[in-house]
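Because the structure is a prediction, the values reported are computed rather than measured. Residues: numbered from 1 along the sequence shown.
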Amino acid sequence: MAHSTDSELQAFPFGCPRSGPFDPPHEERAYRLSTPMSRVGLPGGGVTWLAARHADVRQVLRDPSFSADITAPGFPLVGPVPPQDDKSRAGAFIRMDPPEHTLYRRLLTPEFMVKAVQRLEPLIVQTVDRFLDELEAAGAPADFVEHFALPVPSMVISHLLGVPYEEHEFFQRNSHTLLDNHAAPEAMMAAMGDLRESLGKLVELKRREPADDLTSRLAQQLDAGTLTHDDVVGVALLLLIAGHETTANMLGLGTFLLLRSHPEEWAALVTRPERAPALVDELLRYLTIVHHGLPRIATRDVQVGEQLVRAGEGVIVLLSAANRDAAVFADPDRFDVDRGAQQHVSFGFGMHQCIGQPLARAELRIAFTRLAARLPGLALAPEAGQTVLRPDSFIYGVHKLFVRW
């Protein structure tokens with residue numbers, strides 16, 4: 001099968017302009033309407049397929065013939081990654097295939113099941129109320145990200161892992177570096193080293209003095225020989241970063257969307273808090289904060305829709321494009337809480353679907369409902385400073401969002 005020459009390839013939509021702060025890059029609309037998949041050039045060289053349609057995205061993420069192993073030759077990379085060695089790969093199960101990936105999922109799934117998250121809900125409520133107190137104490141206008149959106153999920157995941165919350169600024173600073181698509185490799189290596197060193201000490205402490213937290217339970221696997229020290233550190237690192245960066249940016253960006261563009265939905269949430277689950281699903285679909293997609297590489301020839309993907313060829317699935325596929329979501333560029341958006345792929349799909357989605361949903365639902373009940377008059381305060389977006393991060397969102405009430 002003939003492919004386009006490199007000179008004819010379109011560039012991957014990395015850092016491309018958006019039509020608005022809540023929309024994917026302009027180019028993604030063309031990609032999601034194209035048939036079959038698109039062949040594009042990567043920022044660092046090389047080429048990959050783009051899967052943008054909902055059906056194609058789900059097929060690639062579901063099919064075990066597409067590997068998530070970042071060390072595979074030809075794996076499609078969008079941004080810089082730290083050099084991969086045995087230590088950096090240990091515990092990073094989102095970049096593993098079965099049977100390694102299966103081992104980690106089996107160990108972690110009970111921690112994030114709906115019933116386990118329900119037991120955490122009183123803690124989430126307590127945490128949300130604490131930072132609502134701090135937001136009010138800061139006085140209007142205040143930075144919503146600093147005083148609420150970031151600390152709420154940071155404290156919840158810290159509690160779950162047994163990480164001292166007092167270290168949250170250290171973890172947030174270094175995780176920000178790891179998610180920055182323009183960070184120098186040296187800076188990423190330094191951030192990774194600092195995080196692993198700190199978490200390594202925590203794992204040893206939990207092994208000697210176990211408590212009722214996830215890190216302690218993982219540390220017990222050391223004596224059982226199921227996991228190594230580096231494995232436990234890697235899992236804790238992955239969950240710590242994923243557990244606060246994603247939810248924090250959904251809280252910030254979702255609040256920005258409601259207050260700026262859909263005050264009627266904010267008002268509806270104030271009077272009808274039972275709408276929160278549907279609101280959360282539509283926010284997840286419409287905003288899709290993982291804007292640069294998920295990379296995979298084919299381990300054999302696979303037919304994806306009308307396109308044959310050869311073994312050794314990369315595919316990047318565009319979650320944000322799939323979530324605006326008109327074949328699945330009517331009038332997809334319209335924000336509609338009543339549409340029933342449960343088929344969105346914001347948490348991925350298949351074997352690598354986000355293990356923490358029950359926790360994320362609970363945090364978002366509780367945070368939005370209690371925020372609306374406590375501060376029904378919440379509004380943007382642009383006079384206090386400009387809203388600062390983060391388009392250069394793997395996780396899209398807001399750095400600063402000034403509000404009043």
Side-chain angles (χ1 to χ4, degrees), residues 18 20-22 121-159 165-166 168-169 171-173 175-176 244-277 279-280 282-284 286-287 289 335 337 360-391 393 395-405:
R18 305 167 186 272
F22 312 117
E121 287 202 7
L123 169 74
I124 299 173
V125 170
Q126 180 183 5
T127 302
V128 167
D129 288 347
R130 167 182 168 173
F131 288 106
L132 280 173
D133 291 342
E134 294 199 10
L135 179 64
E136 285 194 294
D143 182 358
F144 182 79
V145 174
E146 177 185 354
H147 295 289
F148 187 78
L150 187 54
V152 166
S154 293
M155 176 166 274
V156 171
I157 196 63
S158 294
H159 174 87
Y165 179 69
E166 295 72 25
H168 68 282
E169 290 185 359
F171 287 110
Q172 288 165 6
R173 182 177 65 254
S175 64
H176 173 74
H244 81 267
E245 282 281 352
T246 50
T247 307
N249 282 287
M250 273 303 306
L251 274 175
L253 194 62
T255 300
F256 185 31
L257 170 71
L258 293 174
L259 298 184
R260 173 177 162 167
S261 303
H262 294 280
E264 78 286 354
E265 290 297 348
W266 176 256
L269 182 62
V270 171
T271 58
R272 297 175 58 196
E274 68 275 10
R275 285 173 60 83
L279 172 67
V280 167
E282 180 65 350
L283 286 170
L284 287 164
Y286 190 77
L287 296 174
I289 58 174
F335 183 77
V337 174
R361 288 179 184 276
E363 288 183 76
L364 292 168
R365 170 177 51 81
I366 292 169
F368 280 121
T369 53
R370 296 186 83 81
L371 180 65
R374 180 83 162 265
L375 300 174
L378 192 70
L380 297 179
E383 72 277 6
Q386 186 177 7
T387 297
V388 181
L389 299 168
R390 43 184 287 170
S393 177
I395 304 297
Y396 184 60
V398 288
H399 283 304
K400 291 184 178 296
L401 179 67
F402 294 97
V403 296
R404 53 182 171 80
W405 51 91

Participant: If the condition is side chain to side chain donor-acceptor pair (under 3.5 Å), which residues does H159 pass it with, not counting sequence neighbours?
Facilitator: none
Participant: Which atom pair, heavy atoms only, marks the closest approach of P153 to T247?
Facilitator: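 So the minimum-distance heavy-atom pair works out to CB-CB, 3.9 Å.
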Participant: So, using salt bridge (Lys or Arg N to Asp or Glu O under 4.0 Å) as the criterion, who are the partners of R130 when residues are at least two apart?
Facilitator: E134
Participant: Measuring from M155:CE to T127:OG1, what's the distance to the nearest 0.5 Å?
Facilitator: 6.0 Å
Participant: Which atoms form the tightest heavy-atom contact between P376 and A373, and what is the distance?
Facilitator: CD-O, 3.7 Å
Participant: Using the salt bridge (Lys or Arg N to Asp or Glu O under 4.0 Å) criterion, which residues pair with E265? Sequence neighbours excluded.
Facilitator: R275
Participant: Which residues pass the salt bridge (Lys or Arg N to Asp or Glu O under 4.0 Å) test with R272, sequence neighbours left out?
Facilitator: E274
Participant: Kindly write out the residues that satisfy side-chain contact (heavy atoms from CB on, under 4.5 Å) with A372, not counting sequence neighbours, or none if the list is empty.
Facilitator: W266, L269, V270
Participant: Say you draw a straight line from CG of L375 to CG of L135; how long is it, rounded to the nearest 0.5 Å?
Facilitator: 6.0 Å
Participant: Closest heavy-atom contact between Y165 and S158?
Facilitator: CD1-OG, 4.2 Å
Participant: Checking F144 now: which residues fulfil ring-ring contact (aromatic ring centres under 6.0 Å, His included) with it, not counting sequence neighbours?
Facilitator: F148
Participant: Got a sec, which pairs hit salt bridge (Lys or Arg N to Asp or Glu O under 4.0 Å) with one end in residues 138-156, sequence neighbours left out?
Facilitator: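 Non-adjacent pairs meeting salt bridge (Lys or Arg N to Asp or Glu O under 4.0 Å): D143-K400.
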Participant: Roughly how far apart are I157 CD1 and F171 CZ, rounded to 0.5 Å?
Facilitator: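 I157 CD1 to F171 CZ: 11.5 Å, rounded to 0.5 Å.
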Participant: Which pair of non-hydrogen atoms, one from F131 and one from P151, has the smallest distance, and what is that distance?
Facilitator: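 Minimum heavy-atom contact is CE2-CB, 3.5 Å.
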Participant: Could you pull out all residues at least two apart from E245 that satisfy salt bridge (Lys or Arg N to Asp or Glu O under 4.0 Å)?
Facilitator: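 Partners of E245 under the salt bridge (Lys or Arg N to Asp or Glu O under 4.0 Å) test: R390.
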Participant: Going by side chain to side chain donor-acceptor pair (under 3.5 Å), name the residues that satisfy it together with Q126, two or more places apart in sequence or in a different chain.
Facilitator: none
Participant: Within the structure provided, determine whether V152 and I124 are in side-chain contact (heavy-atom separation under 4.5 Å).
Facilitator: no
Participant: Just verifying a value: how many Å separate I366 CD1 and R361 CZ, rounded to the nearest 0.5 Å?
Facilitator: 13.5 Å
Participant: Could you state the interatomic distance from CG (L378) to CZ (R404), rounded to the nearest 0.5 Å?
Facilitator: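 So the CG of L378 and the CZ of R404 are separated by 9.5 Å.
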Participant: What's the separation between atom CG in L258 and atom CG in L283, rounded to the nearest 0.5 Å?
Facilitator: 5.5 Å
Participant: So, do M250 and L284 sit near enough that their side-chain heavy atoms are less than 4.5 Å apart?
Facilitator: yes
Participant: Taking it one step at a time, do F22 and L253 satisfy side-chain contact (heavy atoms from CB on, under 4.5 Å)?
Facilitator: CA-CA 8 Å; F22 312 117; L253 194 62; 4.1 Å; yes
Participant: Could I get the full list of ring-ring contact (aromatic ring centres under 6.0 Å, His included) partners for H262, not counting sequence neighbours?
Facilitator: F335
Participant: Not counting sequence neighbours, list each pair that qualifies as a side chain to side chain donor-acceptor pair (under 3.5 Å) and has a residue in residues 368-379.
Facilitator: D129-R370, D133-R374, E136-R374
Participant: List for me each residue that meets side-chain contact (heavy atoms from CB on, under 4.5 Å) alongside Q172, sequence neighbours excluded, and say none if there are none.
Facilitator: L150, S154, H168, H244
Participant: Could you tell me if the side chain of P21 sits less than 4.5 Å from the side chain of R260, heavy atoms only?
Facilitator: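 Yes, side chains in contact.
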Participant: Is the count of non-hydrogen atoms from other residues, nucleotides or ligands lying under 6.0 Å from E264 atom CD greater than 12?
Facilitator: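 Counting other residues, nucleotides and ligands, CD of E264 exceeds 12 neighbours.
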Participant: With a 6.0 Å cut-off (strictly less than), is the heavy-atom count around CD of Q386, excluding the residue itself, greater than 12?
Facilitator: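 No, the 6.0 Å shell around CD holds no more than 12 heavy atoms from other groups.
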